[in-house]
Amino acid sequence: NVESAVKAMRSGALDYLTKPLEPQRVLAIIEKAIEIAALRKQSLNLSEKLIESRGLHFFDGQSEASRKTRKFLEKAARRDDLPLIIQGESGTGKELAAQVIHDRSARSKQSFQTLSCNSLESENALELLFGPTHERESIEGASPNSLFGKSNGGTLYLSQIECLPTDAQAHLARILSNRGALNNGTPNCRLIAASEEDLFSLNQSGQILSDLFYSLNVLSITLSPLRE
């Protein structure tokens with residue numbers, strides 16, 4: 001009846017048929033369905049290509065530095081099981097580089113979360129990143145409702161990592177160094193840390209804990225200033 005047909009169309013049905021069936025109408029609806037499916041597939045392919053190319057134009061210069069940057073982004077995208085550090089002056093595209101790495105990795109369909117560590121209070125940083133004390137301690141790492149947890153399967157980008165309070169640095173270092181904890185409830189996210197400073201020097205001065213620095217410094221790149 002008409003009411004059932006309207007309900008079906010509102011629920012997403014492509015079309016409806018009434019009895020007795022007319023072969024020509026059935027054939028026309030099938031052809032229409034095939035055409036729509038092909039258009040949807042084409043649209044999906046175009047969307048995926050757009051995601052893959054997004055941001056790369058920022059690094060498409062012909063200089064040796066630009067070529068090295070693009071090569072590194074491709075390498076980092078393939079090795080999405082490894083944390084990494086992106087350094088560079090303000091305006092060099094650190095977050096954009098992190099987004100490109102995420103978009104071109106196997107994690108691209110999952111969340112890309114960002115956080116500036118500047119001005120974070122100690123307990124606030126721990127709770128925001130890893131969840132309330134009882135939750136993060138009970139699962140040896142981070143709560144599913146924390147920022148770390150929301151990045152599960154995807155990427156977590158931390159800018160101004162040198163501003164992260166020391167106790168939060170220590171907790172993050174424990175998660176990164178204890179990879180086995182990923183099998184015990186800790187969210188499996190790819191961590192990308194960024195800074196305008198030289199993190200090696202900050203580690204030497206004690207502003208960045210050695211455990212965190214060496215856990216992060218598996219892959220690293222320093223983006224060249226735009227003037228270069």
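Values in this document were obtained by computation on a predicted structure and should not be read as measured data. Values below: all heavy atoms of this structure, side chains included; hydrogens, waters and symmetry mates excluded.
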* Asked: Just wondering, do L164 and L172 contact through their side chains at under 4.5 Å, heavy atoms?
  -> yes
* **R107/D80 ion pair, N-O < 4.0 Å** => yes
* Asked: So, for L115 and L129, which heavy atoms are closest and what is the spacing to 0.1 Å?
  -> CD2-CD2, 3.8 Å
* Less than 4.5 Å apart, any side-chain heavy atom of P83 and any of V218? -> yes
* Hey, does Y157 have a side-chain heavy atom less than 4.5 Å from the side chain of E95? -> yes
* Compare all side-chain heavy atoms of F112 with those of L156 and state whether any distance is below 4.5 angstrom. => no
* Asked: Which heavy atom of E127 sits nearest a heavy atom of P132, and at what distance?
  -> CG-N, 4.0 Å
* 4.5 Å side-chain heavy-atom contact, N217 and L199 -> no
* Asked: Can Q207 and S205 be said to form a side chain to side chain donor-acceptor pair (under 3.5 Å), step by step?
  -> CA-CA 6 Å; Q207 190 171 342; S205 67; 4.8 Å; no
* Structure fact -> Checking E89, K94, Q87 against E196 for side-chain contact (heavy atoms from CB on, under 4.5 Å), the one that qualifies is K94
* Structure fact -> Correct closest heavy-atom pair for L209 and N203 would be C-ND2, 3.7 Å
* Side chain proximity check, I192 to L158, heavy atoms < 4.5 angstrom -> no
* Asked: Are R79 and D81 close enough for a salt bridge, meaning some N to O gap below 4.0 Å?
  -> yes
* Please step through side-chain contact (heavy atoms from CB on, under 4.5 Å) for the pair I85 and I161, ending with a clear verdict. => CA-CA 9 Å; I85 292 173; I161 187 70; over 6 Å; no
* **For the student: nearest non-hydrogen atoms of R190 and A76, plus distance** => NH2-O, 3.0 Å
* **Distance-minimising heavy-atom pair for Q169 and I208** => OE1-CA, 3.5 Å
* **Exercise: identify the closest heavy-atom pair between A77 and S105** => O-CB, 3.3 Å
